[in-house]
Number of protein chains: 2
Amino acid sequence: MSPPRRTRIQRRNSETILDAALEVFSAQGFRGATLDQIAEVAGLSKPNLLYYFPSKEAIHLALLSRLLETWLDPLKAMNPDGDPVTEILLYVRRKLELSRDFPRESRLFANEILQGAPRMRRVIETELKDLVAEKARILTRWMEEGRIARLHPVHLIFSIWAMTQHYADFEMQVGTVLGPDEPDPYPEAGLYLDTLFRRLLAV
Amino acid sequence: MSPPRRTRIQRRNSETILDAALEVFSAQGFRGATLDQIAEVAGLSKPNLLYYFPSKEAIHLALLSRLLETWLDPLKAMNPDGDPVTEILLYVRRKLELSRDFPRESRLFANEILQGAPRMRRVIETELKDLVAEKARILTRWMEEGRIARLHPVHLIFSIWAMTQHYADFEMQVGTVLGPDEPDPYPEAGLYLDTLFRRLLAV
DNA sequence: TCCGTTCCTGACCGGATGGTCAAACCTTTG
DNA sequence: CAAAGGTTTGACCATCCGGTCAGGAACGGA
């Protein structure tokens, strides 16, 4: 999407801007974010932002397009020839790591979907849908072979998404409810989800 | 929170405004929504909105405060003296019905939490936290009595929230991925979640 | 019917916000 | 070192948006 940056300065500043924009967009949503906020976080002036990106929209778009790869990778990595339970648990673990390591990206995505995905419809209707269909077929085959329990494959994927993203998207709620004694919920969440899906998938 | 409406017109218009505001806030977030949009959906003029509510903020607040009750009710209804599995499955079902029947409320809540709950911190830190703590104790007791499987009680609650709210908050994604063949995902989701939690909780 | 109250609106205001631009500044290169 | 090209910014603009206000319309009780 975004053209390759030629000079060192261009690469560095584009990166700085995208990082600052991620910070602000993920916390405030597209309309809630202002160029002034992004500029301040980036430590640059507003006109300078618009020297590197033609508009606020373009910054947002650049973030979304680089996001999708990262987001779909773990599902793509699910190996049809591996051990079903191992593969699925690995997917859950990877997805949870994504929530832990890239919560801002997760919230950016959540914001976008919540608002009807005005800027991602296309990609969701094509890439995401096709990928899920492909992986659902694999899950169905595993079920027919009696290697995991019979379940609705797509809802199975939904439940993985829901539970893993919950820890990033509702971080504030999770943190508050667990209290300050448990500052990092991820180890416990990993154990919990592991147990959950093991029991769910057992034949 | 909002003062009781005296006349018939006041009741009717306040209701119309809150419904329109719910529509717009849940789809656009607080900052993304404009009074003009709300006014148009409500079929009223902008100054008329501000005749009934002192500010945009006040409309949003009125929505949030009426929301919380509805939102906590199902968890409150979990009966300590009932059959554990039945009670938990009932909670899951009620929460899923909430997503199906009040998706806009769900998204309003999601928007709020996503952005760090700037207007709900207090309530989450007190009411919600206390309620979860209380219900977690009940779950723990059930586990110690060997009536359901041993799990982290709070993460169990998180997983219920995550999976049920997913269908409302990510409605667009769910609808797209399932395709137009399956216009109403809720019956299937109900079956899936029922199975999931039965297997998870079985001792 | 008349009158006080409630309800409604067009016109307007001030501040925020996305975006522009000319000019200054800096870096690189011949 | 000087020109060329790349980078940065202060000042500015048009629009949007939350909110105000004076006055008019509709309502309801007597």
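Lettering follows sequence order; numbering is per chain, from 1.
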According to side chain to side chain donor-acceptor pair (under 3.5 Å), does anything in residues 77-95 of chain B pair up with another residue at least two apart or in another chain? List the pairs.
B:Asp83-B:Thr86, B:Tyr91-B:Trp161, B:Arg93-B:Asp194, B:Lys95-B:Gln165
Mind checking what makes ring pair (Phe, Tyr, Trp, His ring centres under 6.0 Å) contact with A:Phe102, not counting sequence neighbours?
none
B:Arg107/B:Glu171 ion pair, N-O < 4.0 Å:
yes
When the distance from CG of B:Asn48 to P of C:dT9 is rounded to whole Å, what number comes out?
5 Å
Atom OH of B:Tyr52 and atom P of C:dT6: how far apart are they, to the nearest Å?
12 Å
Looking at residues at least two apart in the chain, or sitting in another chain, which of them share a side-chain hydrogen bond (donor to acceptor under 3.5 Å, both in side chains) with B:Arg147?
B:Glu145
Residues two or more places apart in sequence or in another chain: which of them pass salt bridge (charged side-chain N to carboxylate O under 4.0 Å, His left out) with A:Arg12?
none
For nucleotides 3-5 of chain C, tabulate all protein N/O to nucleotide N/O atom pairs closer than 3.5 Å, reporting atom names and distance.
none

Please name all residues satisfying side-chain contact (heavy atoms from CB on, under 4.5 Å) with A:Glu188, sequence neighbours left out, ordered by chain then number.
A:Glu182, A:Leu191, B:His152, B:His155
Results of side-chain hydrogen bond (donor to acceptor under 3.5 Å, both in side chains) for B:Asp36 - residues two or more places apart only
none
Taking only residues at least two apart or on different chains, which pairs with a member in residues 110-141 of chain A satisfy ring pair (Phe, Tyr, Trp, His ring centres under 6.0 Å)?
none
What is the distance from CD of A:Gln10 to C1' of D:dG6, rounded to the nearest Å?
8 Å
For atom CZ of B:Arg12 and atom C1' of C:dT6, their distance in whole Å
13 Å
Euclidean distance, atom NE2 of residue B:His60 to atom P of D:dG19 [Å, nearest integer]:
13 Å
Heavy atom of residues 23-46 of chain A under 4.0 Å from DNA chain D: which residues?
A:Arg31, A:Ser45
Does C:dT9 have OP1 or OP2 under 4.0 Å away from a side-chain N or O of B:Tyr51?
no
Compile the donor-acceptor pairs under 3.5 Å between side chains in residues 129-139 of chain B and protein atoms, sequence neighbours left out, one pair per line.
unit_1, atom_1, unit_2, atom_2, d
B:Lys135, NZ, B:Lys76, O, 3.2
B:Lys135, NZ, B:Met78, O, 2.9

Taking the side chain of A:Leu50 as heavy atoms from C-beta outward, which of D:dT20, C:dT20, D:dT8 is closest to it?
C:dT20
Could you pull out all donor-acceptor pairs under 3.5 Å where a side-chain atom in residues 112-125 of chain B meets a protein atom, sequence neighbours excluded?
unit_1, atom_1, unit_2, atom_2, d
B:Glu112, OE2, B:Arg119, N, 2.8
B:Arg119, NH1, B:Glu57, OE1, 3.1
B:Arg119, NH1, B:Glu57, OE2, 3.0

Looking at B:Asn13, I'd like to know whether one of its side-chain N or O atoms comes within less than 4.0 Å of OP1 or OP2 on C:dC8.
yes
B:Phe53 CZ to D:dT20 C1', in whole Å, measures 19 Å
Do A:Thr34 and A:Gln37 have side-chain atoms, one donor and one acceptor, less than 3.5 Å apart?
yes
What string of B, S and - do you get for nucleotides 25-30 of chain D 5' to 3' if you count protein non-hydrogen atoms under 4.0 Å?
------
Distance check needed: C:dA16 C1' versus A:Lys56 NZ, whole Å only.
11 Å
